[in-house]
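Have a look at the structure below, then the notes.
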Amino acid sequence: MTPTPHAEVTVTVPATSANLGPGFDALGLALSLRDEVRVRLEQPSAPEVTVHVDGEGAGAVPRDGSHLVVRAFHAVYDRLGLSRPHLSMWCTNRVPHGRGLGSSAAAAVAGVLAAQVLSRTGRDDEAALAVAGGIEGHPDNAAACLLGGLTVAWTEEEGPRAVRAEPVAGLRATVLVPATELSTETARGLLPATVPHADAAHSAGRAALLVEALTRRPDLLLPATEDRLHQRYRADAMPATSSLVDELRGRGLAATVSGAGPSVLVLGPSGSPPVEAPPGWTALDLAVDTRGAEVSDRASG
């Protein structure tokens, strides 16, 4: 069915932190910092794509069909065998870019959900995870962005899967954001092809413990967030981040690299004292987002 021009949808999507220490490419946590994307279908006489960006990335991200939200939108239409419509898009970005807070996953999820609604196929989180996770190359951030809360993602032959778990009430998440960026592609390129068996076993045990710590036993967050699988291999690319994680953990705080970095995530139970940012860094005192991606649509004019 051909969608009506001027149909419009607004999608809001949360920031996410993936890995959380030992849960590499599997665990994700949605955070209470949200981007908003509004997409409107236009008449065929209008430009094919018009992109407006406010906030993070304004002046830096592309404003044409190569914009990540547009690429995700088109991926859904292509998958459905539909002609790509002409569209206008407005992005209000609050999630920092290139800091390990899932900005690319947020963009991909927003584009996919907007396309599902405007193509009249309806929201389908399983299909959305397949498309967004495919664009990202791994489903951990996209899963948390879609579903909210704490998520565990994995991949089967049929594609990515995810389940949501309810985080313990009042979980506090402080993100320390540096001024510098680090691309996920660069960070992933620093990982070795193999790791010692003892380190893999250690990470498996701590990742399992982390689910318990985040859902029922926040007193276990410090040992549960200990990682041997990826953070040390990336330390030379972000020495200030690595030093800050070590310093905070030495003070008994459950600090990890947020995603691929270079931001630092500090988790703690309700009532934990605030964590101050070092000079040149910004502290974001956030809650866990339990809403996940949200969509509202309307037909205009």
Side-chain angles (χ1 to χ4, degrees), residues 6-18 28-42 46-76 85-119 123 125 128 131-132 135-136 141-148 173 175 177-179 181 183-184 258-259 263 282-301:
H6 301 304
E8 183 175 301
V9 63
T10 298
V11 186
T12 66
V13 283
T16 52
S17 183
L29 194 67
L31 303 173
S32 60
L33 185 66
R34 300 178 74 88
D35 284 350
E36 180 179 301
V37 176
R38 180 164 59 95
V39 181
R40 185 175 69 201
L41 301 186
E42 303 288 8
E48 289 186 7
V49 175
T50 302
V51 179
H52 310 268
V53 179
D54 292 317
E56 295 285 339
V61 298
R63 295 173 180 261
D64 55 19
S66 64
H67 191 286
L68 183 51
V69 177
V70 180
R71 289 195 285 120
F73 187 99
H74 285 163
V76 173
H86 292 218
L87 58 90
S88 296
M89 183 178 75
W90 294 263
C91 301
T92 303
N93 296 334
R94 301 178 183 90
V95 180
H97 288 193
R99 303 304 204 284
L101 289 170
S103 61
S104 60
V109 168
V112 169
L113 293 183
Q116 286 183 339
V117 173
L118 290 175
S119 66
R123 177 167 177 170
D125 284 345
V131 177
I135 292 171
E136 285 274 281
N141 286 100
C145 184
L146 272 166
L147 304 178
V175 181
V177 184
E181 298 183 15
S183 74
T184 301
S258 181
S263 295
T282 301
L284 302 177
D285 192 9
L286 305 174
V288 175
D289 180 283
T290 58
R291 295 154 51 192
E294 295 183 331
V295 179
S296 62
D297 64 285
R298 66 185 180 89
S300 63

Measure from the side-chain N and O atoms of [X] to the backbone N and O of [Y], and report whether any donor-acceptor pair falls under 3.5 Å.
{"X": "D289", "Y": "R291", "value": "yes"}
{"X": "R63", "Y": "A58", "value": "no"}
{"X": "R38", "Y": "W90", "value": "no"}
{"X": "S32", "Y": "L286", "value": "no"}
{"X": "R99", "Y": "P178", "value": "yes"}

For residues [X] and [Y], report the shortest heavy-atom separation together with the two atoms involved.
{"X": "V9", "Y": "A114", "result": "CG1-CB, 3.6 Å"}
{"X": "A142", "Y": "V109", "result": "O-CG2, 4.0 Å"}
{"X": "G102", "Y": "N141", "result": "CA-ND2, 3.7 Å"}
{"X": "A106", "Y": "P14", "result": "CB-O, 4.2 Å"}
{"X": "T16", "Y": "A30", "result": "CG2-CA, 4.0 Å"}
{"X": "G100", "Y": "S258", "result": "O-OG, 2.7 Å"}

In the structure I gave you, are the side-chain heavy atoms of [X] and [Y] within less than 4.5 Å of one another anywhere?
{"X": "V112", "Y": "L146", "value": "no"}
{"X": "H67", "Y": "V53", "value": "yes"}
{"X": "L68", "Y": "V61", "value": "no"}
{"X": "C91", "Y": "D35", "value": "no"}

Could you tell me whether R40 and E42 make a salt bridge, using a distance below 4.0 angstrom between a side-chain N and a carboxylate O?
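Salt bridge present between R40 and E42.
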Please lay out, stage by stage, how V95 and E56 fare under the test side-chain contact (heavy atoms from CB on, under 4.5 Å).
CA-CA 7 Å; V95 180; E56 295 285 339; 5.9 Å; no
Looking at [atom1] of [X] and [atom2] of [Y], how far apart are the two atoms once the value is rounded to the nearest 0.5 Å?
{"X": "L33", "Y": "D285", "atom1": "CG", "atom2": "CG", "value": "12.0 Å"}
{"X": "E8", "Y": "T10", "atom1": "CD", "atom2": "OG1", "value": "5.5 Å"}
{"X": "R94", "Y": "L101", "atom1": "CZ", "atom2": "CG", "value": "15.0 Å"}

Could you walk me through whether E48 and V70 pass the side-chain contact (heavy atoms from CB on, under 4.5 Å) check?
CA-CA 11 Å; E48 289 186 7; V70 180; over 6 Å; no
Run S104 and E136 through side chain to side chain donor-acceptor pair (under 3.5 Å) and show every step you take.
CA-CA 8 Å; S104 60; E136 285 274 281; 2.6 Å; yes
Evaluation steps, side-chain contact (heavy atoms from CB on, under 4.5 Å), between L31 and S17:
CA-CA 7 Å; L31 303 173; S17 183; 4.1 Å; yes
